[in-house]
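If you're wondering where the values come from, they're calculated on a predicted model, not measured in any experiment.
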Amino acid sequence: MKGVPMRLVLLGTALSRSCSCGAFQHNMPPETSLLLSHCYNRDLPRAMQTLDTMERRGVWADAIAYSELIKCCLAHKAVKEGKHVHHHIFSNGYQPKTFLINTLLNMYVKFNLLEEAQILFDKMPERNVVSWTTMISAYSYVKLNDRAMELLIFMLRDGILPNMYTFSSVLRACERLCDLTQLHSSILKVGLESDVFVRSALIDAYSKMGELLEALGVFREMVTGDSVVWNSIIAAFAQHSDGDEALSLYKSMRRAGFSADQSTLTSVLRACTSLSLLELGRQAHVHVLKFDQDLILNNALLDMYCKCGSMEDAKFIFNRMVGKDVISWSTMIAGLAQNGYSTEALNLFDSMKVSGPRPNYITILGVLFACSHAGLVNEGWYYFQSMKNLYGIDPGREHYCCMLDLLGRAGKLDEMVTLIHEMTCEPDVVMWRTLLDACRAHRNLDLATYAAKEITKLDQHDTGAYVLLSNVYANSKRWDDVAEVRRTMRARGIRKEPGCSWIEVNNQIHAFIVGDKSHPQIDEINRKLNQYIRRLTDAGYVPDTNFVLQDLGEEQSEYSLRHHSEKLAIVFGIISFPREKTIRIWKNLKICGDCHIFAKLVAKQEQRHIVIRDPIRYHHFQDGICSCGDYW
DNA sequence: GTAGGGTTAG
């Protein structure tokens, strides 16, 4: 192994250079103290003037003074002066110490001049752990992740041992699980796992790869930590839609004596959002007031109110936010659209064009969603076609999906097929499923079969395809075909996800599944439900058994419909809340047509405001109508 | 002289 002698040679060179560098530290001229004093006062013009005088007289300052001068340039964001200092330091044949070159490197990185930093780095006669870490951190910051990982390898080859700074930087750049595992074991080997920076970076890296159990493992090994480590693990679960775990970790964090900061509250709000916990979200809002100016936190608050279906609160927050960014606007536009206020969403987009930030990819999705859910086909086409010209945004998969959805809802099946063929990307399962769903709604059996085949070509186990196809057949009462689809599903081990609805009562979540008898108040719920249905039937309600997807016979079909999870949840809401309180329910599948009619009628009869959130949108039921205008 | 956590769609 020739590595060891090489290291010795390098060390020798470095020592001889540092000796020559030390030479200019003798004869320290009086100008040096003047330079230092200007730098400490952050008086850059005078400091640069002093430097010029020194150049003219042929005297030089020491490394400390130069490093202060560089800090002064950074504080003034003075790139030109910074470069001048760089050339000054290298002029007259001096060889600055590694410490000083690192300061220059750092300056270039902070000025976002990575190329200059790299050129300087390449010329360095000796690079220490700080030099390498500065470059690695710079590349990971601008997401040139491969380059950052590559530098780590070169660094190790050079025989330089990474420290906690290096690991926390490189962990941000790590994209592959195998690399992460290797980094993790290196961290353990050098004993840096207890460093709080390394630990939080590890948790974050595992979280980004969806390895939440690993992240939790790293977290649980912590003996002493800080709030950032707690925030990392809470964010990990909040971001992966495990709101329960995020909230339970948050409680443990408080018990452990840490207080919530902006980051904690943002994750808590996100958890409330994913669980539709409006009341808990309101409680978090009280703590948010402490951090009134925090944009990210306010965006999360805004999103929470939108997603929990409370648009009055969302509008209030949005209107009083200062310095709204593109995320604030996009959140509000999508929120309005999803809650059924399509016109308001499009109006808001108009104001954004006049006085807001430049719309981005996601803003346009909200706009297309608004068009789609209001049946505005022409407007949808207009926005879709103009996004490239007006905002320079190329339509992506999601935009095509939105357009397909728009056409599908409007029953324009032919245009859907044309768009699928004209797209710049290959159609995926979601797109075919959108076509299939449109075929179900508009009863096109042949096209439905075709779409279902395309889906199974891409994914044999796509539950949605089978369920939708069996719905298509059920709608046409082709029970043999329904049975055939179900047989295939059984043979392939595919099970339909059962419909489930949730409602929050007194800070507790109550879950209902179709025909569920496990709820402690189920007898009372069923009694009330029968009572409502009797009254509604007198008022003309006819159960629409088209939404029952098995050949059960009318009587049994009605029983199944009657006990759909959303009906049970609605009745439980009515029993539990006073009349003036909005009943908020969320469910895992799209609302069924019969339950939609039921909700409208019961909202009118009982004078209630009912909000049902499904995976893609919201239905606000009041006075016998729904905010979706029966178009969903 | 080098390092960690939070927001919009699906």
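- Counting non-hydrogen atoms under 4.0 angstrom, A:T266 reaches a base of the nucleic acid.
- Side-chain contact of A:Y250 with A:E245: a donor-acceptor pair under 3.5 Å is absent, judged by distance alone.
- At the heavy-atom level, A:K110 lies under 4.0 Å from the strands shown only through sugar-phosphate atoms.
- Rounded to whole Å, atom P of B:dT2 lies 19 Å from atom CG of A:L171.
- Note: A:M155 CE to A:T166 OG1 = 4.0 Å, rounded to the nearest 0.5 Å.
- In this structure, CD on A:E211 lies 9.5 Å from NE2 on A:H240, to the nearest 0.5 angstrom.
- Picking from B:dT8, B:dG4, B:dA3 the nucleotide with the shortest atom distance to the side chain of A:D226 gives B:dG4.
- Nucleotide B:dT8 holds its P atom 6 Å from the CG atom of A:D303, rounded to whole Å.
- Just one of A:M387, A:R358, A:K388 meets the side-chain contact (heavy atoms from CB on, under 4.5 Å) condition when paired with A:I393; it is A:M387.
- Among the atoms of the strands shown, base atoms are found under 4.0 Å from some heavy atom of A:T133.
- Within a heavy-atom distance below 4.0 Å of DNA chain B, the residues of residues 233-251 of chain A found are A:A235, A:Q239.
- Considering A:I160, A:D179, A:I136 in turn, A:I136 is the only one that fulfils the side-chain contact (heavy atoms from CB on, under 4.5 Å) rule with A:L152.
- Remark: A:R172 is not in phosphate contact with B:dA3, judged by side-chain N or O atoms under 4.0 Å from OP1 or OP2.
- Comparing B:dT8, B:dG4, B:dG10 by their nearest atom to the side chain of A:T331 picks out B:dT8.
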Legend entry - Verdict with reasoning, A:W60 to A:Y66, per ring pair (Phe, Tyr, Trp, His ring centres under 6.0 Å): CA-CA 10 Å; A:W60 308 95; A:Y66 288 133; 7.6 Å; no
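- Per the geometry, CD belonging to A:E126 stands 18 Å off P belonging to B:dT2, to the nearest Å.
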Inset, instruction - Go through A:V129 and A:Y165 one step at a time and tell me if the side-chain contact (heavy atoms from CB on, under 4.5 Å) criterion holds. - result: CA-CA 9 Å; A:V129 61; A:Y165 290 82; over 6 Å; no
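- Taken residue by residue, residues 283-298 of chain A places heavy atoms nearer than 4.0 Å to DNA chain B at A:D294, A:I296, A:L297.
- Here B:dT2 presents its P atom at 18 Å from OH of A:Y139, a figure rounded to the nearest Å.
- The two residues A:A337 and A:A345 make their nearest non-hydrogen contact at N-CB, 3.9 Å.
- In this structure, the OH atom of A:Y305 is 18 Å from the C1' atom of B:dT8, given to the nearest Å.
- No donor-acceptor contact under 3.5 angstrom links the side chains of A:N128 and A:T98, judged on distance only.
- Contact annotation: A:K324 does not reach the phosphate of B:dT8 (side-chain N/O to OP1 or OP2, under 4.0 Å).
- Look at CZ on A:R270: it is 8 Å from C1' on B:dT7, rounded to the nearest Å.
- A:D405 has a carboxylate O that lies under 4.0 Å from a charged side-chain N of A:R409, or vice versa, which qualifies the two as a salt bridge.
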Inset, instruction - Check step by step if ring pair (Phe, Tyr, Trp, His ring centres under 6.0 Å) holds for A:W132 and A:F154. - result: CA-CA 9 Å; A:W132 285 99; A:F154 293 157; 7.2 Å; no
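- At B:dT8, none of the side-chain N or O atoms of A:N299 fall inside 4.0 Å of OP1 or OP2 (strictly under the cut-off).
- A:N163 has its CG atom 13 Å from the P atom of B:dG4, to the nearest Å.
- Looking at residues 183-211 of chain A, you'll see A:D195, A:V196, A:F197, A:S200, A:D204 sit with a heavy atom under 4.0 Å from some atom of DNA chain B.
- Nucleic acid contact for A:E68: none, since no nucleic acid atom lies under 4.0 Å from a heavy atom of the residue.
- The interatomic distance linking A:I327 (CD1) with B:dT7 (P) rounds to 9 Å, in whole Å.
- Looking at the side chain of A:V130, the nearest of the listed nucleotides B:dA9, B:dA3, B:dT2 is B:dT2.
- With respect to A:K208 and A:E175, no salt bridge is recorded, no charged nitrogen being found less than 4.0 Å from a carboxylate O.
- When distances run from any side-chain atom of A:S137 to the nucleotides B:dT7, B:dA3, B:dA9, the shortest one goes to B:dA3.
- If you check B:dG10, B:dT7, B:dT2 against the side chain of A:A300, the one that comes closest is B:dT7.
- The residue A:F369 sits close only to the backbone: its heavy atoms come under 4.0 Å of sugar-phosphate atoms, none of a base.
- Remark: A:R172 fails to qualify as a cation-pi partner of A:Y141 under the 6.0 Å distance and 45° angle criteria applied to the six-membered ring.
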